[in-house]
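Residue numbers start from 1 in every chain, and the chains themselves are labelled A, B, ... in the order their sequence lines are given, proteins ahead of strands. Computed from a predicted structure; not experimentally measured.
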Amino acid sequence: MDYNFAAVEKKWQEYWRNNTIYKVSIDQNKPKYYVLDMFPYPSGAGLHVGHPLGYIASDIFARFKRLKGFNVLHPMGYDAYGLPAEQYAIQTGTHPAITTEKNISRYREQLDKIGFSYDWDREVRTSDPDYYKWTQWTFIQLFNSWYNRKTDKAEPITSLVKAFEQGGSNAVEAACSEHPAFTAENWKAMSEVVQQQNLMHYRLAYLADTIVNWCPALGTVLANDEVSEGLSVRGGHPVERKSMRQWLLRITAYSDRLLKGLETLDWSDSIKDIQRNWIGKSVGGSIAFEVENHAGLIEVFTTRPDTIFGATFMVLAPEHELVKTITTAEQQAAVSAYIQRTKNRSERERMTEVKKISGQFTGAYALNPFNNARIPIWIADYVLMGYGTGAIMAVPAHDSRDFAFARHFELPIIQVVTSQGETLIDTKNWEESYDAKEGVLVNSDFLNGKTVQDAILSLIAAAEQRGIGSSRVNYRLRDAIFSRQRYWGEPFPVYYKDGMPYMLQEDQLPLELPAVDAYLPTENGEPPLARATDWQTKEGFPLETNTMPGFAGSSGYYLRYMDPNNKEAYFSKEANAYWQEVDLYMGGAEHATGHLIYARFWNMFLFDIGLTVKDEPFRKMINQGMIQGRSSLVYRVNPEKMAEYHLWEKLKNKGMGVEFIRDFKDGHRKFDFFSPEAKLIIEVRRVKSLEKLAHPYTEYAQKKGYRMLLIPVRDMLLEKEVVFEKVAALIAGKKVPEFEDKPALKIVPVFASKNIDGRAFFSDPIHVDISIVQNDILDIEAFKKWQPHWSDAVFLLEDDKYVCGWEVEKMSKSKYNVQNPDELIERYGADTLRLYEMFLGPLEQSKPWDTQGIEGVFRFIRKFWRLFFDDNQQLKVSDDEPNKAELKILHKTIRKVEEDIERFSFNTAVSAFMICTNELAELKCNKTAILEPLVLLISPYAPHLAEELWHALGHQDSVVKQDFPIWDETFLVENTFTYPVSFNGKKRFDLELPIDMPVKEIEKQVLGLEESAKWISDKGVKKVIIVPNRIINIVV
RNA sequence: GCCCGAGUGGUGGAAUUGGUAGACACGAAGGACUUAAAAUCCUUUGGCCAUUGCGGCCGUGCCGGUUCGAGUCCGGCCUCGGGUACCA
């Protein structure tokens, strides 16, 4: 009997649960450490082996930190609102809460089997009213706040009102949608409703008409990060642009802090880059242009104000409000037509047609404020209304898009920047624009001779002086659309009075999700909540019918874990002061532009209003890579192609004495094989098809004077020697019937093993379930059972085996390559699964799942076990004093494992365990003094095994509560070092020398060796490089 | 197009600061034990040449450079993966 993992794992999982081993509470005597996994959405499909990868890594780290004396917060919960459960509800009428509950229990069951050290008393679910009360509460705080640019933080809206009362709008610098000018007196004279309308421009949660991503298939609006390439990220449905009244969060107020905060975070550069690009800060200036014969000004945003003398035309977004008024009468029709055309295009069409240049001249001219040049005003949809001012000054010489536009519509191009030492060429002959932000200005009046950087500053200064422009910063980041026309989400704590939104009082929270009769919009197109009866306040005011998006609940869940059962507050001040922030956040990189930005924003806001002690929520983040599937393939033979292949193998390279051409074409006719020398055509086809073609082919051959052989596929496969004889006879000039009609063969599916000759030419790969393939060998009987319609299939084997091909691709049901953790746990145990997932490769890299390799880890676990137990399962440890060699192995391993965990190199730590076990087994070491620390060392990785061994060694308490072993340098020092001796950088032999031997002495020793003489020979020594305790290199 | 990241045996990967390339495992081949199987153990396993012993040559996507020494640093290119896309 071997190590009985099934019984052991069950025993200790129960022990941990019954003794609440992982329960954690505030302990001021210990340093805290917060390890968090990204919130999972419990999907109906359950976990596959890719999901727990990050959970295992974070669990190892959490366990390691516990052993290191930290008070570790390691919670888990569920992002329970989500589209799949609601889509299922729409189809079946099942309440999403029921589906979600079911999925959660399945998830929990799977998670429990892996042996995680979560404190489940802290579980949080976004759909739990006790939790979403605080999501709603935060929304109210956002509504009641504005962003003060002077203090650079969120402040209560009351302070804004006070400022307006005292100094009007000029007294305020705020993040806002609009900033109308009014005096204190104006403000006081406004009606309540007008005041509220004005305040809406400043609130951090606000209601506005905006262009939104409308997804008709899902019946809802989506945020920018929920849309990719014109399709919804979930489901892949087309998205349209539409104007709707929606709640938004003014995340743009935090653009700069979100950007700057990145510098302080211990995140991967790639995630930081993705966030930087998403926020998209660009520094430039805005300049106002007058329009000829028109009162309005057109303000443009540019990052290159220095190139203003090269502006040869101007482009407005088709939606720009001035388009209507500046367009001349002659151009009116053309402009309207263009606007109409761009409006009717879907977002996806617009994106795929990016390379197509389109635009329309308005007939109007703008005046360059610096030289009064008349520049034509165009509209084109390459200028977006949502960015900058929706208008650009086009400088075709120095912007590639403007360049392409100018070339297309034959507009002038003026060079204003030269690169160093450039000889000027007429722009007519340019092939591309010069976009680089370096060089010296020319053709630019007072900017001539200045560098680009200086010219930018000079021009902005000049514009400011004349009051026509200023420096300006723009962000790509948009305010987050916060309304969803869906049922399964948090209700807004909002009601409407006279069309104006008002917040519920805190004591009315949570506003619970009402029951509805169907999870669909109403006939009038209102969201599902409009179906709820009595969806109004006690006073009878209607409640908001939209719900909040998925990211609402996941933006602050990590804070709730600090104090999850608090009824009075989101979390207590004490809990937040103790746990502070997430020290290690483990999760996928796919949340870079969604959750990870929203959560940072949410946290910064709570920091501003004094709720949290940290402005950034996640100190360090590790993004685990994806685990890809390893699909198995069988090869279905195409009989016709196979017959052709075999014949060609015989005919090619004058195999039958004469040259043959393959795929011979004559006019519209095509034949498989043709020999000009023998004037012979050979065609291989199915009998049925030959019967039809025999006549026309024969006619053709007669006309051309060719001879012909029509070979049924069946003949080629069943009796190819006979066919070859016929061909030989024909070549020899003998008479052979052109076509012998025989009954067609019943078509049986044929599968060829991977390495059958020519397989690639005559077969097509088909995915096969990985559970019936072992070490790439197909279980043929299981295959026939799996696909009964292939039960009569014939298999072409190699060495009596069917060898499958394989491919690395996404793990998915349709590819039959999903590996489920439960099956593996049943077969190998959770510890093996944990170890193997780590052993697979670097945590952050994507890698294919390969079940074959798990055997090695399984062997290791049992080998480790056998260090403690003999073949009769008797404990065989001894209390003997360990020797030097054993101590060295132990301490080397402790050091390696600790260093590897610290740098999240879990795969190399597993190797270190293997090496250590191999070495100790070699020495037949069974000493407690060595083995006991090893049990502690391995406990974060294989907690069940470690707990069992720990108790077997006579301990009563849990291995979880112990201390991590400490390595001792003294056991590791060596007296000698084995130098690799190289000649010209090539290693030739080893040389063992005392560790403290001086360099001079080493040189003398090494040069005196007979071995060295061989390599030096007559070339002579040029130089000797000796790096103590590293290498010796001799240059000859 | 732009911005990241990665390319090492049949496979997953190791080499932490420029210092013995291929640790550890899988797979494969051969052997021991066994009536047999499983399990376990032993040997070989980057390629080529030599194999009578010593050995020798090549080799980390490609081309070039720096260096006594490059998988690692620099320049150029190729391929794959991720992000983003008229963002002015």
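- Ranked by how close their nearest RNA chain B nucleotide is to the 5' end, A:V1035 and A:I1032 are led by A:I1032.
- Across all strands shown, A:L384 has heavy atoms under 4.0 Å from base atoms, whether or not it also approaches the sugar-phosphate.
- Remark: B:rG46 base-pairs with B:rC58. Criterion, Watson-Crick or G-U wobble with two distances under 3.5 Å.
- Counting non-hydrogen atoms under 4.0 angstrom, A:N474 reaches nothing in the nucleic acid.
- Backbone-only contact: A:R859 has heavy atoms under 4.0 Å from sugar-phosphate atoms and none from a base.
- Anti is the classification of B:rG22, since its glycosidic angle lies more than 90° from 0.
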Next item on the list: With ring-ring contact (aromatic ring centres under 6.0 Å, His included) as the test, would you mind laying out the steps for A:F5 and A:W865 before giving the verdict?
Entry: CA-CA 11 Å; A:F5 60 83; A:W865 176 261; over 10 Å; no
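- What separates OH of A:Y836 from P of B:rU11 is a distance of 15 Å, to the nearest Å.
- Looking only at distances, a side-chain donor or acceptor of A:Y979 sits under 3.5 Å from a matching main-chain atom of A:N1029.
- Between B:rC4, B:rA25, B:rC68, one nucleotide has an atom nearer to the side chain of A:D273 than all others, and that is B:rC4.
- Contact annotation for A:I1025: base contact, defined as any heavy-atom pair under 4.0 Å involving a base atom.
- At the heavy-atom level, A:K896 lies under 4.0 Å from base atoms of the strands shown.
- In this structure, A:F860 reaches neither bases nor backbone, as no heavy-atom distance under 4.0 Å exists between it and the strands shown.
- Base contact: A:R478 has a heavy atom under 4.0 Å from a base atom.
- Closest non-hydrogen pair, A:K437 versus A:T303, comes out as NZ-O, 3.7 Å.
- The backbone N or O of A:S358 lies less than 3.5 Å from no partner atom in the side chain of A:H408, so there is not a single donor-acceptor pair.
- A:D402 comes within 4.0 angstrom of nothing in the nucleic acid, heavy atoms only.
- In this structure, A:V383 reaches the bases: a heavy-atom distance under 4.0 Å links it to at least one base atom across the strands shown.
- One can place NZ of A:K847 at 16 Å from C1' of B:rC26, the figure rounded to the nearest angstrom.
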